[in-house]
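Structure first, then comments.
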Amino acid sequence: MSYRILHLKPNAQDIETWVAIDDNDVVGHIYMKIEIGNRIKFLDAWVHPDFRRKGIYRKLWETRWNYVNETYKGYTIYAWCKDNSLPLLVEKGFDIGEICTYVEKKI
């Protein structure tokens, strides 16, 4: 499979984007938001269902990771990955989806 990754620089919301492109179609993306206080929030990622299990997500993630390690020394990176604050939601009738865990690493 042949694809390339493009880095789109911050917009008005200080969000940086990486997109995976196969020919002229976007097949995946990953984001991060630069916040005050030397913090960066890793935001969502997505890969088109027809292109999953081909290493695109990993390549997007590693590209972003390498970028922050080179560009944002001293910043704290964090992300929400779906955690277990579930009992009340289940009690209220929500269906259980994925589990999420908060992670953080100082670069």
Side-chain angles (χ1 to χ4, degrees):
M1 146 163 233
S2 172
Y3 64 91
R4 67 185 194 269
I5 294 181
L6 299 176
H7 179 203
L8 307 174
K9 295 293 184 168
N11 59 24
Q13 289 79 36
D14 293 325
I15 293 176
E16 296 197 37
T17 305
W18 289 261
V19 293
I21 298 175
D22 177 26
D23 297 323
N24 292 320
D25 295 322
V26 172
V27 298
H29 63 70
I30 199 165
Y31 303 108
M32 71 180 208
K33 180 172 178 44
I34 302 161
E35 298 180 339
I36 60 172
N38 290 343
R39 294 177 59 85
I40 296 173
K41 182 177 185 180
F42 278 3
L43 300 171
D44 72 325
W46 168 83
V47 175
H48 187 283
D50 293 345
F51 294 89
R52 292 180 183 159
R53 300 278 189 218
K54 298 178 191 236
I56 294 171
Y57 171 78
R58 165 87 53 183
K59 183 67 174 172
L60 285 164
W61 203 99
E62 292 292 341
T63 300
R64 178 183 63 184
W65 183 247
N66 291 337
Y67 175 76
V68 297
N69 276 282
E70 294 169 9
T71 310
Y72 292 102
K73 297 282 185 207
Y75 278 63
T76 298
I77 310 298
Y78 74 100
W80 290 101
C81 308
K82 300 189 177 130
D83 204 353
N84 243 357
S85 57
L86 222 36
L88 178 60
L89 296 171
V90 171
E91 178 186 320
K92 300 297 181 189
F94 286 82
D95 294 327
I96 297 174
E98 299 173 0
I99 304 303
C100 183
T101 303
Y102 174 82
V103 296
E104 180 175 289
K105 179 171 177 69
K106 188 167 194 136
I107 300 293

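Atoms CD1 and CZ, from I5 and R64 in turn, are 11.5 Å apart once rounded to the nearest 0.5 Å. Note that the CD1 atom of I30 and the CZ atom of R58 stand 11.0 Å from one another [nearest 0.5 Å]. Atom-to-atom distance recorded for I21:CD1 and H29:NE2 is 12.0 Å, nearest 0.5 angstrom. For the atom pair R39 CZ and K33 NZ, the distance stands at 12.5 Å (nearest 0.5 Å). Of the inter-residue distances, the one linking T76 atom OG1 with E104 atom CD reads 5.5 Å to the nearest 0.5 angstrom. A distance of 7.0 Å separates CZ in F42 from CE in M32, rounded to the nearest 0.5 Å.
Under the 4.5 Å side-chain heavy-atom criterion for ILVMFWY residues, no single connected hydrophobic cluster contains both L43 and W61. Hydrophobic clustering of Ile, Leu, Val, Met, Phe, Trp and Tyr side chains at less than 4.5 Å, counting indirect connections, unites I107 with I34. Tracing side-chain contacts under 4.5 Å through hydrophobic residues (I, L, V, M, F, W, Y), one never reaches I77 starting from I15; they form parts of separate clusters. Side-chain heavy atoms closer than 4.5 Å link hydrophobic residues (I, L, V, M, F, W, Y) into clusters, and following such links, even through other members, never connects V27 to L6. Grouping the Ile, Leu, Val, Met, Phe, Trp and Tyr side chains by contacts below 4.5 angstrom, directly or via other members, places V26 apart from W18.
Taking both residues in full, the closest heavy atoms of A20 and Y3 are given as CB-CD1, 4.1 Å, listed atom of the first, atom of the second, then distance. Considering every non-hydrogen atom in both W46 and L60, the closest pair reads O-CD1, 4.5 Å. Closest non-hydrogen pair, T63 versus K59, comes out as OG1-O, 2.7 Å. Nearest heavy atoms, D23 versus R4: O-NH1, 3.8 Å.
Taking the six-membered ring where the residue is Trp, Y72 and Y67 present perpendicular rings, their angle passing 60° and hence far from 30°.
The 12-atom threshold is not exceeded at NZ of K106, counting heavy atoms of other residues, nucleotides or ligands nearer than 6.0 Å.
Within the 4.5 Å cutoff, the side chain of V68 has no heavy atoms near those of the Y75 side chain. Here the side chains of R52 and Y57 are not in contact, with every heavy-atom distance at 4.5 Å or above.
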